[in-house]
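Numbers restart at 1 for each chain; the letters A, B, ... are given by sequence-line order, proteins then strands.
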Amino acid sequence: MASSAANMKRIDSAATPASAAAKAGPAAVVSFPRRAPQLGRLPALMREIAATTVPPLIVLSLLLLVWQIAAAGPKATLPTPLKIWQDAKDLIVDPFFVLGPQDIGLGWRVLTSLQRVAIGFGLAAAIGVALGTLVGQSLWAMRGLDPIFQVLRTVPPLAWLPISLAAFRDSAPSAIFVIFITAIWPVIINTAVGIRNIPQDYRNIARILRLNPAEYFWRIMVPAAAPYIFTGLRIGIGLSWLAIVAAEMLTGGVGIGFFIWDAWNSSRLADIVVALVYIGVIGFVLDRLVALVGRFATRGVAAT
Amino acid sequence: MIAPVAAVSHTTPRAHAPGRAFLHIDRVAKSFARGSAVSEVLADIDLRIEQGEYVAMIGHSGCGKSTLLNIVAGLLDVTSGAVLLEDKEVNDPGPDRAVVFQNHSLLPWLTVYDNVRLAVDKVFSATKSRKERHAWTMHNLELVQMGHAKDKRPMEISGGMKQRVGIARALAMEPKVLLLDEPFGALDALTRSHLQDSVMAIHQKLKNTVLMITHDVDEAVLLSDRIVMMTNGPAATIGEVLEVKLPRPRKRLELVDDPTYIQARGAVLEFLYARHKAPALQAAE
């Protein structure tokens with residue numbers, strides 16, 4: 001409402017100098033430069049959109065062109081973009097087709113993988129925040145647990161797979177466990193740092209008000225550490241997405257990871273490339289999603 | 001209306017007057033041990049504050065004023081001695097000794113209203129209904145003229161406004177003693193005088209017992225009934241206590257030429273800069 005009123009006013013004022021210019025000659029010299037930006041108002045918005053979309057499109061086209069040329073030779077080992085389009089058109093155009101138990105669209109496979117990530121990452125977030133709070137709050141817990149965390153967090157995700165297969169004797173929970181164990185470390189460590197960095201002033205306020213432990217946890221600790229916790233969650237979701245693909249390659253099933261392995265075994269290189277694009281886009285969306293939730297949940301906390 | 005100058009128990013800190021005081025800082029000493037090194041910060045602090053009295057504590061940086069305030073608040077333990085409030089020893093922090101911190105310490109994720117409401121909900125959970133707690137929260141925000149900004153977050157308001165909210169939060173706890181830790185230290189001169197006037201008006205109205213730390217001589221003389229002057233550390237103690245016999249309500253402009261004001265101001269300046277010069281200034285000469 002307010003902006004449209006402002007627009008009307010602007011149009012009015014744009015018209016006035018022009019008519020004034022017709023009557024009084026010298027005024028036109030002054031009013032002329034004011035008109036230029038007003039005429040460019042609508043194009044300005046489009047220019048802004050173009051400024052953010054055109055450069056990546058140009059770079060993408062150039063890359064595809066270079067790829068096309070590089071892979072066009074007779075000795076080329078990888079398919080060209082055009083070949084991929086011809087071979088994997090069904091996968092690209094329709095993500096949700098179902099033609100058989102193993103012949104389904106990539107959308108379904110991604111959803112299966114996402115479901116595993118949701119369970120594994122959900123567990124990692126809940127347990128990670130709890131353990132991080134313990135380590136951040138208690139000096140003895142930190143001394144006892146921190147060295148163990150520091151060693152375990154360097155173990156690559158796939159190194160956990162054999163031992164979890166042995167423990168669970170089933171591929172589905174093993175894949176989830178690998179997600180969990182990969183994503184939990186950044187959540188623990190960032191939560192602990194966040195808890196340790198709660199300003200003394202907030203602790204003093206809590207002591208003066210005599211908040212009980214539960215009130216202190218919900219009213220002070222969680223909101224004060226939220227920016228750190230969400231940093232940990234954001235790293236964690238990225239790592240889980242890395243781990244799920246690797247885990248599914250080994251455990252099989254319907255996930256996007258297994259699809260890549262399966263395509264490799266049947267030499268469907270075009271399908272692999274399409275799957276890679278899917279994985280990249282989904283990973284990007286997941287990251288932005290957690291960042292968005294984080295920004296919403298931590299309004300006002302960052303600036304003290 | 002001229003309020004009587006608050007009852008004066010004694011003028012020198014060492015005179016252990018008999019009888020009870022509302023707030024009694026009883027021969028408090030504080031030392032910090034860091035490894036094997038022990039540094040004595042406060043030694044033999046004895047101060048009695050009557051109900052409704054406004055006491056300012058002034059001294060150079062590092063003399064342990066803040067340490068003493070934190071001890072009264074219960075945030076720090078004494079090494080020896082005790083703090084007695086209405087003849088009961090206080091060891092823990094509590095809402096009966098609300099603190100206004102120099103840097104406001106509002107919780108940034110809560111609105112102005114919720115910052116005060118958190119304190120109100122906690123202190124009056126048993127004694128006031130939901131509706132009464134809301135009314136009491138708004139009443140205290142109005143008292144510091146911040147009712148209009150109740151839905152803003154601390155980051156959206158100015159430093160002076162944050163400090164007002166901090167004062168509202170402290171007042172809302174209905175403390176027996178209000179502890180002000182350099183409450184106006186981080187503000188510009190104009191905002192500071194506005195806030196000083198507000199605090200003076202609130203004190204006039206509510207007759208709180210106030211212990212304020214400051215290093216602004218004019219502020220100390222303008223606001224307080226007594227000025228406690230601290231010697232330099234280590235082992236800082238009370239050097240002198242000055243009674244400010246100015247009638248209330250006090251008007252900033254009228255005081256400029258008031259002989260009592262000028263005399264009190266001169267006495268504090270003389271103490272701080274002639275007799276107990278800051279260690280850094282001493283070294284410079």
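Annotation: A/Arg288, atom CZ; neighbour count of heavy atoms from other residues, nucleotides and ligands within 6.0 Å does not exceed 12. In A/Phe217, the CZ atom is crowded: over 12 heavy atoms of neighbouring residues, nucleotides or ligands sit closer than 6.0 Å.
With a threshold of 4.5 angstrom between heavy atoms, A/Arg219 approaches chain B through its backbone and through its side chain.
For chain B, the option among A/Asp201, A/Ile208, A/Asn204 with the highest count of heavy-atom pairs below 4.5 Å is A/Ile208. Here B/Asn103 is the residue among B/Val123, B/Asp92, B/Asn70, B/Asn103 with the most heavy-atom pairs under 4.5 Å with chain A.
Residues from residues 125-149 of chain B never place a non-hydrogen atom less than 4.5 Å from a non-hydrogen atom of chain A. Using a 4.5 Å heavy-atom cut-off against chain A, no residue of residues 30-40 of chain B qualifies as contacting. Contacts between residues 164-180 of chain B and chain A, defined by a heavy-atom separation under 4.5 Å, are made by B/Arg169, B/Met173.
In terms of the salt bridge (Lys or Arg N to Asp or Glu O under 4.0 Å) criterion, residue partners of B/Arg117 (sequence neighbours excluded) are, by chain and number, B/Asp121.
For B/Pro95 against A/Arg210, the heavy-atom pair with the smallest separation is CD-NH1, 4.0 Å.
Atoms OG and CZ, on B/Ser105 and A/Arg203 in that order, are 13.5 Å from each other to the nearest 0.5 Å. One finds the CD1 atom of A/Ile205 at 7.0 Å from the CG atom of B/Leu107 (value rounded to the nearest 0.5 Å).
In terms of modelled atom types and a separation under 3.5 Å, the side chain of A/Arg207 and the main chain of B/Gly94 share no donor-acceptor contact.
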